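Written below as structure tokens is the structure these notes are about.
Not measured: the values here are computed from a predicted model.
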Amino acid sequence: MKPIYMDNNATTQVAPEVIEEMLPYFGQYYGNPSSMHTFGGNVGMKIKEARLKLADLLDAQPEEIVYTSCGTESDSTAIWAALRSNPDKRHIITSKVEHPAVKNLCEYLDRNGYRVTFVPVDGYGNLDLDHLYANLTDETAIVSLMWANNETGVIFPIEEIAQRAKAHGAVVHTDAVQAVGKLPINLADSHVDMLSLSGHKLHAPKGVGALYVRRGTKFAPFLVGGHQEHGRRGGTENVASIIGLGKAAELAAAHMKTEHDRVRALRDKLESALLERIPNSMRNGDPNNRLLNTTSIAFEYVEGEAILLMMDEFNICASSGSACTSGSLEPSHVLRAMGVPFTAAHGSIRFSLSVYNTEEEIDLVIEKLPPIIERLRKMSPFWGRNAGTCQTVG
Ligand code: PLP
């Protein structure tokens, strides 16, 4: 049975067109792109073509793209590169709602000789810009902020921040893993120095990512080794996946024009129907400043994990908090930073759609979820006591 897959911020289906483009590079064309012979050289040409497609999606130059293994590697590479290239500066600015790929590294750096400012967010998940700018100084080595939040979809004003940060000589990095393919990105006219992305969030396979490094940005490689990626990331290329990422970038550019209004309408239909039909439910995050595909909804006095298990019986896939934090019963750090009450944060479910979702799937979730919440609440020791008392966030 085909899953009703609404967990696309965790990972996406590899597009059939992407698979088709990749397949010959597993079997027929297995040459090393660095080889002198034509057999390998042809593979190198195909990588060049893929690089061009990805650069086009970002409005960047092909030589500004460094392929990596994932978003996490891109984030680590960017942050370490900025710190190693500016050894006299020991201050970092990031936010309280970053993905663990940035958050955990910054916490590590904070314990190991750097000073890190974790900028707070408001109840809508929007960044406290006054706090950010008050802490930005000429000692700031890097400002690393996500473009769009993986849990709520809330978008940060990266370009405005980049302009302010550049005026202080800081390197600007953005974790755009959730933004690429969902928002138009124009790096040619931007002040962003480095941008991370990940293939598996935009219908390319897992195990490939990229880091955009603006021409002229001081850089130190994270993986030191061979000459690949102009010496910026050693290791023989993940050829088929890089080619898949190129195709996925081309598809993403087309889908932005043809599919995004439909996906947004599906998301809005799902969200408004659930909020209307389920009492004590509330949206997490700024409704007017978020990704088109994401909605995070809190159902008070129930456990998110229990909701997921019961939805699983109908093969409905969503997420409680971020995929990376599920498995722990701690409420999500993002929702906590937004001040979402404990009883709501625990019962928050993220639905993240893609171009492959249909209206029938939305209707099925709208039909199945309200009775699930009702059943769970009947079992909840808190529900009877607190029903009808919640505050609405967003
Ligand atoms: N940054 C954000 C915002 C993400 O959502 C994710 C994955 O969920 C990552 C980084 C990590 O990407 P990857 O899984 O490719 O390492």
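- Donor-acceptor pairing under 3.5 Å is recorded for the side chains of N126 and N289.
- By the 4.0 Å N-to-carboxylate-O rule, R290 lies close enough to E271 to be salt-bridged with it.
- In this structure, the side chain of S281 does not engage the main chain of A298 through any donor-acceptor pair within 3.5 Å.
- Looking at D261 and R264, a side-chain N of the basic residue comes within less than 4.0 Å of a carboxylate O on the acidic one, giving a salt bridge.
- The environment of H168 atom NE2 is dense: over 12 non-hydrogen atoms of other residues, nucleotides or ligands sit within 6.0 angstrom.
- In terms of modelled atom types and a separation under 3.5 Å, the side chain of N357 and the main chain of S354 share a donor-acceptor contact.
- Looking at K368 and E313, no side-chain N of the basic residue comes within less than 4.0 Å of a carboxylate O on the acidic one, giving no salt bridge.
- In this view, R262 and E259 satisfy the side-chain hydrogen bond (donor to acceptor under 3.5 Å, both in side chains) rule, not counting sequence neighbours.
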ask   = What's the verdict on salt bridge (charged side-chain N to carboxylate O under 4.0 Å, His left out) for R214 and E63, showing C-alpha distance, side-chain angles and the deciding distance?
value = CA-CA 9 Å; R214 177 175 300 282; E63 61 277 9; over 6 Å; no

task = Start with the C-alpha gap between K182 and N9, add the side-chain angles, then the distance that decides, and say whether side-chain hydrogen bond (donor to acceptor under 3.5 Å, both in side chains) holds.
result = CA-CA 11 Å; K182 296 175 191 149; N9 289 8; 3.2 Å; yes

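- Shown here is Y30, whose OH atom has no more than 12 heavy atoms of other residues, nucleotides or ligands within 6.0 Å.
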With a 3.5 Å cut-off and sequence neighbours excluded, list the donor-acceptor pairs that the side chains of residues 139-146 form with protein atoms.
from : atom 1 : to   : atom 2 : distance (Å)
T140 : OG1    : H91  : ND1    : 2.9
T140 : OG1    : T137 : N      : 3.1
T140 : OG1    : T137 : O      : 3.1
S144 : OG     : H173 : ND1    : 2.8

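- Crowding of E20 atom CD: a count of heavy atoms from other residues, nucleotides or ligands under 6.0 Å not exceeding 12.
- Between H191 and V172, the closest side-chain pair of non-hydrogen atoms is not below 4.5 Å.
- Of the inter-residue distances, the one linking E64 atom CD with D59 atom CG reads 10.0 Å to the nearest 0.5 angstrom.
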inquiry  = I'd like to know whether V116 forms a side-chain contact (heavy atoms from CB on, under 4.5 Å) with K103, so could you lay out the CA-CA distance, the side-chain angles of the two residues, the decisive distance to 0.1 Å, and finally the verdict.
reply    = CA-CA 10 Å; V116 183; K103 177 177 168 282; over 6 Å; no

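- In terms of modelled atom types and a separation under 3.5 Å, the side chain of R336 and the main chain of A345 share no donor-acceptor contact.
- Using a 30° and 60° split on the angle between ring planes, F342 and H346 fall in the perpendicular class, above 60°.
- Panel note: side chain S35, backbone H37; no donor-acceptor pair is recorded below 3.5 Å.
- For K247 and E49, the salt-bridge test fails: no basic side-chain N is under 4.0 Å from an acidic carboxylate O.
- The closest donor-acceptor contact from the side chain of S196 to the backbone of D175 lies at 3.5 Å or more, if one exists at all.
- The cationic atom of R90 (NZ for Lys, CZ for Arg) lies less than 6.0 Å from the six-membered ring centre of Y114 and within 45° of the ring axis.
- A donor-acceptor pair is defined here as one N or O able to donate and one able to accept, closer than 3.5 Å; no such pair exists between the side chain of T217 and the backbone of V213.
- By the neighbour-count criterion of 12 heavy atoms within 6.0 Å, atom CE of M379 is densely surrounded, having more than that number from other residues, nucleotides or ligands.
- Comment: E361 engages K2 in a salt bridge, judged by a side-chain N to carboxylate O separation of less than 4.0 angstrom.
- Other residues, nucleotides and ligands contribute at most 12 non-hydrogen atoms within 6.0 Å of the OH atom of Y108.
- Atom OG in S190 sits 8.5 Å away from atom CG in L195 (nearest 0.5 Å).
- Side-chain N or O atoms of T117 include none that pairs as donor or acceptor with a backbone N or O of V119 at under 3.5 Å.
- Cation-pi check for R164 over Y133 is met; the charged atom lies under 6.0 angstrom from the ring centroid and within 45 degrees of its normal.
- Heavy-atom contacts from other residues, nucleotides or ligands closer than 6.0 Å to NZ of K48 number 12 or fewer.
- A side-chain hydrogen bond (donor to acceptor under 3.5 Å, both in side chains) with E151 is found for one member of S332, S320, S352 and no other, namely S332.
- Checked by atom type, the side-chain pair S95/E98 shows a donor-acceptor distance below 3.5 Å.
- Around the CZ atom of R375, the shell of radius 6.0 Å holds no more than 12 heavy atoms that belong to other residues, nucleotides or ligands.
- When atom types are taken as modelled, the side chain of N135 and the backbone of H131 share a donor-acceptor pair closer than 3.5 angstrom.
- Comment: E229 does not engage R232 in a salt bridge, judged by the lack of any side-chain N to carboxylate O separation of less than 4.0 angstrom.
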